[in-house]
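Each chain gets a letter, A, B and so on, in the order the sequences are listed, and its residues count up from 1. Everything numeric here is computed off the predicted structure, so don't read it as measured data. Only heavy atoms go into these numbers, but all of them, side chains included; no hydrogens, no water, no symmetry mates.
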There are 2 protein chains.
Amino acid sequence: MSKRAYGQFCGLAHALELVGERWALLIVRDLLVGPKRFTDLRRGLPRIPTNVLATRLKELEHAAVVRRRVLPRPAGSVVYELTEHGAGLEPAVFALGRWGIQTLGEPGPGDLLTVDSLIIALRAMFDPEPARGLRVSYQLRMGEVVVHALIDDGALEVGRGELATADLGIETSAAMPRLLTGELDPATAVAEGVVRLTGPTDLLARFLELFHIPPTPKDTGATADLSR
Amino acid sequence: MSKRAYGQFCGLAHALELVGERWALLIVRDLLVGPKRFTDLRRGLPRIPTNVLATRLKELEHAAVVRRRVLPRPAGSVVYELTEHGAGLEPAVFALGRWGIQTLGEPGPGDLLTVDSLIIALRAMFDPEPARGLRVSYQLRMGEVVVHALIDDGALEVGRGELATADLGIETSAAMPRLLTGELDPATAVAEGVVRLTGPTDLLARFLELFHIPPTPKDTGATADLSR
DNA sequence: CTGGATCCCTCACGATACTG
DNA sequence: CAGTATCGTGAGGGATCCAG
């Protein structure tokens with residue numbers, strides 16, 4: 001048994017031994033979007049030391065979560081991708097992401113938003129029920145980051161970059177989490193200018209039906225900030 | 001921003017900053033069963049150093065996941081319990097647990113099974129759909145650990161200890177994960193004696209309809225053991 | 001330029017002892 | 001019972017260096 005094992009015959013404990021190390025689930029998050037090279041992962045996780053990234057990738061490969069694959073010639077480069085088993089982490093990553101976004105608050109000065117994290121966030125918050133029989137597309141811009149979402153009869157496809165033909169363009173900043181929890185009313189958000197729209201305004205309400213999270217629970221008296 | 005922050009404006013990253021430290025989610029797991037005293041938590045997590053447990057509880061309290069409460073006289077003792085926000089981690093804990101149990105394998109020599117982890121495992125794998133209109137009760141014994149489950153029209157209640165009136169008593173060992181993934185056939189499990197029943201045999205198949213996890217994916221060539 | 005490996009420093013974790 | 005104090009170890013953080 002490993003030195004740092006939890007020593008419990010328990011699915012959660014075993015999962016944490018495989019993907020509970022620091023940075024591991026963020027690597028899985030980025031790989032859920034698609035295969036990536038070492039440098040791509042570095043770009044999406046700028047604060048990870050390269051030795052830690054290399055170590056995590058080896059551990060995840062050993063745990064059959066990640067597969068290291070050498071692309072055929074002439075590319076010849078190395079990509080990391082999730083195994084089928086690793087892709088099975090998607091529900092857990094989505095659930096943790098939905099929980100975390102409830103108390104995300106405003107971005108700190110050094111916090112950055114990546115395209116992949118936004119793609120995963122949209123997929124995590126998509127509710128297929130109200131999307132049945134619906135066909136609509138959105139372009140979402142948050143700072144430099146632009147993604148688009150195609151909804152087609154209960155199915156969602158999220159891609160990076162612009163989509164000129166989108167039914168509605170949404171441009172916003174850090175207000176998005178408060179919008180998604182229902183903490184911020186869409187009408188007042190537009191009125192105050194924290195959300196700017198390009199297209200029919202009523203499609204924003206539709207957007208919030210399709211993408212949502214449980215509302216932030218009432219404060220229980222404990223301090224929830226991150227200062228230590 | 002904290003020194004060890006991930007520096008990402010992302011729900012998953014924020015969640016990992018709150019409950020991603022070592023032992024944190026195992027503490028949450030035990031508190032999902034009910035409020036506990038410091039010593040109760042120690043008993044359920046025998047390998048956690050007491051200072052780490054104390055540190056985690058303070059961090060979780062600060063993150064509004066856990067609430068420290070002094071019981072009214074004459075008890076006067078201290079209990080830790082999940083806040084509403086902390087209880088919102090249940091779907092994430094269940095999803096991670098379901099993923100981890102797929103590759104749990106056999107228990108190591110030092111691995112132990114606790115009552116609370118078994119209770120959470122059953123709740124995590126319960127499927128309410130086949131339970132509609134159904135009323136049945138089970139007693140489950142794995143080594144020293146005994147719990148019981150009451151299913152009543154889509155609702156599940158799991159409690160610790162024996163239930164003499166249970167419709168079926170199931171006594172097994174480490175074979176349970178393989179049974180739940182479908183990797184091990186219930187008939188052969190009974191025939192080989194790794195599962196012993198007390199009651200109508202066909203209720204075991206019913207049990208596996210009510211409690212199940214996605215089957216373990218086919219091996220992809222990577223080694224999945226834990227030796228380092 | 002990609003894909004890492006190596007070094008050093010710090011701090012979190014782990015084990016144990018001890019206290020109100 | 002409910003933690004705190006102390007100390008050793010090893011993992012993470014950051015910078016740099018190197019091979020293909």
Side-chain angles (χ1 to χ4, degrees), chain A residues 1-8 13 16-27 30-31 35-62 66-81 110 226 228, chain B residues 1-8 13 16-27 30-31 35-63 66-71 73-81 110 226 228:
Chain A
M1 175 168 26
S2 168
K3 204 69 164 302
R4 311 226 323 159
Y6 291 108
Q8 304 226 158
L16 292 175
E17 283 170 359
L18 297 180
V19 297
E21 300 293 299
R22 208 166 149 70
W23 294 106
L25 278 182
L26 291 178
I27 295 170
D30 281 9
L31 291 181
K36 287 198 164 41
R37 292 177 302 174
F38 191 90
T39 310
D40 297 331
L41 288 167
R42 275 188 71 176
R43 239 191 302 277
L45 274 12
R47 316 247 301 210
I48 191 173
T50 62
N51 58 347
V52 174
L53 177 55
T55 303
R56 287 293 164 276
L57 287 171
K58 276 181 212 141
E59 291 166 355
L60 291 173
E61 190 183 354
H62 190 254
V66 161
R67 178 170 34 231
R68 186 182 196 270
R69 190 155 59 90
V70 179
L71 292 181
R73 304 296 306 269
S77 58
V78 176
V79 294
Y80 297 89
E81 62 188 4
L226 281 180
R228 301 193 47 189
Chain B
M1 176 169 24
S2 169
K3 203 70 163 301
R4 313 226 326 159
Y6 291 108
Q8 304 226 158
L16 292 175
E17 284 169 359
L18 296 181
V19 296
E21 300 294 298
R22 205 164 153 70
W23 296 104
L25 279 183
L26 291 179
I27 295 171
D30 282 9
L31 291 181
K36 286 195 166 41
R37 292 178 302 173
F38 191 90
T39 309
D40 298 331
L41 289 167
R42 275 188 70 176
R43 240 192 301 277
L45 274 13
R47 315 246 304 209
I48 192 175
T50 61
N51 58 346
V52 174
L53 177 55
T55 304
R56 286 295 164 274
L57 285 171
K58 276 180 211 141
E59 291 166 355
L60 291 173
E61 190 184 352
H62 190 253
V66 161
R67 178 172 33 233
R68 185 183 195 270
R69 191 155 60 90
V70 178
L71 292 181
R73 304 296 307 266
S77 58
V78 176
V79 294
Y80 296 91
E81 60 189 3
L226 281 181
R228 300 194 46 189

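The side chain of A:S77 sits closest to C:dG3 out of C:dG3, D:dG3, D:dA11. Of the candidate nucleotides D:dT4, C:dT6, C:dC13, C:dT6 has the atom lying nearest to any side-chain atom of A:N51. When distances are taken from the side chain of A:V78 to each of C:dG3, C:dA17, C:dA5, the shortest belongs to C:dG3. Here C:dG4 is the nucleotide among C:dG14, C:dG4, D:dA2 with the atom lying nearest to any side-chain atom of A:F38. Considering only the side chain of A:R37, C:dT2 comes nearest among D:dT4, C:dT2, C:dA5. Candidate nucleotides D:dG13, C:dG4, D:dG3 were compared by shortest atom distance to the side chain of A:R22, and D:dG13 ranks first. Of the listed nucleotides (C:dT6, C:dA12, D:dA2), C:dA12 has the atom at the smallest distance from the side chain of B:R4.
Remark: the backbone N or O of A:L18 is not paired with any side-chain donor or acceptor of A:E59 at under 3.5 angstrom.
Across all strands, B:R43 comes closer than 4.0 Å to no nucleic acid atom at all (heavy-atom distances). Counting non-hydrogen atoms under 4.0 angstrom, A:T39 reaches the backbone sugars and phosphates but no base.
Residue B:Y6 places no side-chain N or O under 4.0 Å from the OP1 or OP2 atom of D:dG12. For the OP1/OP2 pair of D:dT4 and a distance below 4.0 Å, the side-chain nitrogens and oxygens of B:K58 include at least one atom meeting the criterion. Listed pair B:R56 / C:dC13 meets the phosphate criterion, a side-chain N or O lying under 4.0 Å from OP1 or OP2.
Residue-to-nucleotide contacts include no donor-acceptor pair under 3.5 Å from the side chain of A:T55 to the base of D:dA11.
A cation-pi geometry, defined here as NZ or CZ lying under 6.0 Å from the six-membered ring centre and within 45° of its normal, does not hold between A:R68 and A:F38.
Contact detail for B:W23 and B:P49: the closest heavy-atom pair is NE1-CD, 4.5 Å. Shown here for A:Q8 and B:G44, the closest heavy-atom pair between the two residues is OE1-O, 2.8 Å. Across every non-hydrogen atom of B:D30 and B:K36, the tightest pair is O-NZ, 3.4 Å.
Atoms CD (B:E59) and P (D:dG3) sit 15 Å apart, rounded to a whole Å. One atom, CD1 of A:I48, and another, P of D:dA11, lie 16 Å apart when rounded to the nearest Å. C:dA15 atom C1' lies 15 Å from atom CG of B:L53, rounded to whole Å.
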